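Notes for the one structure printed next.
What's counted below: heavy atoms across the whole structure, side chains too, no hydrogens, waters or symmetry copies. Labels below follow one simple rule: chain letters A, B, ... track the order of the sequence lines, proteins then strands, and each chain is numbered from 1. None of these values were measured; they are calculated from a predicted model.
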Amino acid sequence: MRTRYAPSPSGTLHIGGARTALFSYLFAKHHGGKFVLRVEDTDRARLVEGSESALMRSLQLLGIQWDEGPDREGSLGPYRQSERLALHQHYAAQLLEKGLAYRCYCTPDELKALREARMAQKLPPRYMGTCRQRSADDPIHTSRQPYVVRLKVPLDGVTVVDDLIRGPVTFENGLLDDFVIMKADHTPTYNFAVVIDDWGMQITHVTRAEEHLSNTPKQILVYQALGLELPQFAHIPMVLAPDRSKLSKRHGATAVEEYLEQGILPEALVNYLLLLGWSAPDGREFMTVLEAIPLFTLDRVQHTAAVYDQKKLEWMNAQYLKDLPVEHVATAVRPFVEKLGINWGQGSTLEEGVALARERSHTLVDLAHAMRFLWQKPDAFDPKGVQKHFGAPEVSSRLQALADALKQAESTWTHDEIAETFDRVAETLEIKRAALIHPCRLALTGTTVGPGLFELVQVLGQQETVARLRQVATDLQQESLKVIQP
RNA sequence: GACCCCAUGGUCUAGAGGCCUAGGACAUCACCCUUUCAAGGUGGUAACCCGGGUUCGAAUCCCGGUGGGGUCACCA
C-alpha cells in the first residue's frame with residue numbers, strides 16, 4: 001500500500017493541497033503503508049525558486065511526514081520528476097514503436113485554427129489532425145521539423161474510472177482526443193509523466209484532488225497502452241473559498257505559511273483541515289494527526305467540496321492556545337513577541353505571560369499583543385478609558401494611595417494578598433472596589449481590557465506595579481498624560 | 001458550450017428506508033457569571049434544492065429539472 005502527494009514547485013503549499021496531502025498520508029498510514037512525496041517540476045517556466053523546500057517545510061510543520069521523497073531517497077527514485085526524463089522518453093519511444101502513439105507535426109497555429117473551427121461547429125475541440133494517418137515512411141519524419149508525440153486514443157468504447165470515493169465513473173473515448181504525451185522539447189506532459197512515475201514508484205492508491213477526475217481516463221488509456229496494471233483512484237473533494245469559487249489570492253490567506261504567520265498554530269491548522277471533508281465516527285473534533293490515523297477511512301470522506309471558514313479555524317486555534325502546555329505556547333509565541341520589538345528578557349517570563357493572557361487570545365498575534373504590557377509600560381492610554389476612568393479629580397490620589405498600600409504589601413505578593421490590599425484601600429477611601437480596579441488596569445496596561453487584574457498585577461510584579469501607578473498618578477496631577485490610541 | 005462530479009441550517013458535518021419532533025460543532029441572538037474583555041454555562045433563531053416516481057413508510061433508493069464545482073493546453 002503506497003500513496004503519494006505530487007505538488008508542482010510553483011508556489012507555496014495551499015491549504016487545499018495540504019488537506020489532500022493530509023488525507024493521502026492518513027490513508028496510507030491507516031493501512032500501514034508508505035507515503036511518498038514526488039515533486040512535479042517538469043515545467044521549468046513555472047518553477048519558483050525555493051518553492052520545493054518551502055513546500056516540504058510546510059508539510060513537516062503540519063506533521064505530515066513522507067517516507068520517501070527528494071530528500072529521503074528510497075529505492076524507487078528519483079523523486080523529482082525532472083530527473084526521471086529518461087524513463088519518460090523510454091516509454092514514449094516504446095509506444096511510438098508499437099504504433100500506439102504517433103508524431104504530430106501540426107503547429108500551434110494550425111491547432112488553434114482547427115480548434116476554433118470545431119468550436120464554431122459546436123463540436124468538442126478535439127484534435128482530428130492529419131498526423132494520426134501518416135504512414136511510417138512519410139517523408140516528413142526525416143524533415144527535422146519539430147513534433148510532439150500524441151497517444152492514439154480509441155475512437156469508440158468507454159473508459160471507466162473506478163473511484164474509491166465515488167464508485168465507477170464512465171467516460172466516452174470518442175470525446176477524448178489524441179492528447180499530447182511528449183512536448184516538442186521532448187519532455188513529457190502531466191498526463192503521461194504521472195502514469196510513468198506512479199507506476200515506477202509503485203503507487204497503489206492514487207489519492208488526489210477532484211480536479212483530476214476528468215484527467216483520469218486519459219491516464220488510464222496510457223496505462224492500457226503500456227500494458228501496465230492500474231492503481232486504485234480516490235478523488236478528494238476540493239476546498240473552496242467562502243464565495244464558493246476556487247481559492248485564490250484575492251481571498252486573503254491561502255497558503256499554510258500565511259496562516260502560520262497570522263499566528264495560527266500548525267496543530268490547530270491541521271486539525272481544522274482534517275475536519276474539512278472528513279468526520280470521525282464518534283463525531284470527535286479535536287485530535288492530532290497521529291490520533292486520526294486509526295480513525296481515518298475513505299468512506300467517511302465527504303463527496304462535496306468544502307468551504308473553509310476562518311472563524312472556525314480561529315476558534316479551534318484558541319482552543320489549542322489554552323489547552324497546549326504553557327511552555328509549548330511560549331515557544332510558539334516567542335517570534336511574535338519579538339516581532340513587536342519587545343525585550344522580554346527582564347521581569348516576567350514568557351510562560352507567565354502566556355498563562356496570563358492565552359485564555360482570551362485567538363491567535364499568537366493576539367497573544368503577543370496581550371502580553372506586551374508586561375515588558376513595555378504604556379506610552380499612551382485608550383481615550384475612551386481615560387474619559388471613563390481617569391475623569392474624576394480624585395483618581396490621582398486614589399492611585400497614589402493604592403501604590404502606597406501595595407508598596408507595603410508582603411514580598412510574597414500572592415493573588416489573595418493583592419486582592420485584600422485592593423479591598424482595604426477601597427474601604428479606606430470609601431469607594432467601590434471597581435472604582436479602584438478600572439483606573440488601575442488602565443494605568444498599568446493602557447487599555448480597559450485584559451486579564452483579571454489581580455493576576456495581572458501579580459505577574460507584573462510589585463516594583464513595576466507601584467512604579468507605574470505612581471507615574472500615572474503624577475502625570476494625571478500635572479495633566480501631562482498622553483491620550484492616544486495605543 | 002460539451003463532458004464529469006456533487007447537493008442536510010450562513011459554514012463544517014451526523015444520518016447508509018421506519019431509531020428524525022433531523023443530532024453535533026463554528027458563527028449568530030438572548031440570558032447567567034463577572035473587576036473589564038474574553039472564556040465558560042444555559043437557552044433561542046436557523047437546513048434535508050425543486051418536481052415526479054418506488055415503498056405501508058424516503059433526508060436516505062430511481063428519474064428529471066435547477067443550482068454549485070471541476071475538466072476540456074506542447075500547465076501540473
Polar atoms only, N or O, under 3.5 Å: list the protein pairs with nucleotides 21-25 of chain B and their distances.
residue: A25(B); atom: O2'; partner: E285(A); partner atom: OE1; Å: 2.8
residue: A25(B); atom: O2'; partner: K312(A); partner atom: NZ; Å: 3.2
residue: A25(B); atom: N3; partner: K312(A); partner atom: NZ; Å: 3.4

At under 4.0 Å between heavy atoms, what does [X] touch on the DNA or RNA strands: base, sugar-phosphate, or nothing?
{"X": "K432(A)", "value": "nothing"}
{"X": "S214(A)", "value": "base"}
{"X": "R44(A)", "value": "nothing"}
{"X": "T170(A)", "value": "sugar-phosphate"}
{"X": "Q81(A)", "value": "sugar-phosphate"}

Might you list the N or O atoms of the protein lying below 3.5 Å from N or O atoms in nucleotides 6-9 of chain B, with each pair's distance?
residue: C6(B); atom: O2'; partner: T304(A); partner atom: OG1; Å: 3.4

Using purine N1 to pyrimidine N3 plus N6-O4 or O6-N4 for Watson-Crick, or N1-O2 and O6-N3 for G-U wobble, each under 3.5 Å, what pairs with [N]?
{"N": "C3(B)", "value": "G70(B)"}
{"N": "U28(B)", "value": "G44(B)"}
{"N": "A39(B)", "value": "none"}
{"N": "C75(B)", "value": "none"}

- prompt: Are side-chain N/O atoms of S24(A) and T3(A) paired as donor and acceptor at under 3.5 Å?
  reply: no
Please give, in whole Å, the distance from [N] [atom2] to [X] [atom1]?
{"X": "R46(A)", "N": "A73(B)", "atom1": "CZ", "atom2": "P", "result": "15 Å"}
{"X": "F192(A)", "N": "C75(B)", "atom1": "CZ", "atom2": "C1'", "result": "17 Å"}
{"X": "L151(A)", "N": "C74(B)", "atom1": "CG", "atom2": "C1'", "result": "15 Å"}
{"X": "K311(A)", "N": "C12(B)", "atom1": "NZ", "atom2": "P", "result": "15 Å"}

Nearest listed nucleotide, side chain of [X], among [options]:
{"X": "R360(A)", "options": "A76(B), C74(B), A38(B)", "value": "A38(B)"}
{"X": "L213(A)", "options": "C12(B), A76(B), C4(B)", "value": "C4(B)"}
{"X": "Y190(A)", "options": "U11(B), A27(B), A76(B)", "value": "A76(B)"}

message: Checking K152(A) against D178(A) for the salt bridge (charged side-chain N to carboxylate O under 4.0 Å, His left out) test, could you report, in this order, the C-alpha distance in whole Å, the side-chain angles of both residues, the deciding distance, and whether it holds?
response: CA-CA 5 Å; K152(A) 246 183 211 174; D178(A) 288 350; over 6 Å; no
Please list every donor-acceptor pair under 3.5 Å in which a side-chain atom of residues 266-275 of chain A meets a protein atom from a residue at least two apart or in another chain.
residue: E267(A); atom: OE2; partner: H328(A); partner atom: NE2; Å: 2.7
residue: N271(A); atom: OD1; partner: M287(A); partner atom: N; Å: 3.0
residue: N271(A); atom: OD1; partner: Y320(A); partner atom: OH; Å: 2.5
residue: N271(A); atom: ND2; partner: E285(A); partner atom: O; Å: 2.9
residue: Y272(A); atom: OH; partner: D309(A); partner atom: N; Å: 2.7
residue: Y272(A); atom: OH; partner: D309(A); partner atom: O; Å: 3.4

message: Could you walk me through whether Y5(A) and F35(A) satisfy the ring-ring contact (aromatic ring centres under 6.0 Å, His included) test, starting with their C-alpha distance in whole Å, then the side-chain angles of each, then the deciding distance to 0.1 Å, before giving a yes or no?
response: CA-CA 8 Å; Y5(A) 177 59; F35(A) 175 63; 7.2 Å; no
With sequence neighbours excluded, tell me which residues meet side-chain hydrogen bond (donor to acceptor under 3.5 Å, both in side chains) with [X].
{"X": "T159(A)", "value": "N173(A)"}
{"X": "S279(A)", "value": "R300(A)"}
{"X": "K183(A)", "value": "none"}

message: If I pick the C1' atom on C20(B) and the same atom on A47(B), what distance separates them, to the nearest angstrom?
response: 13 Å
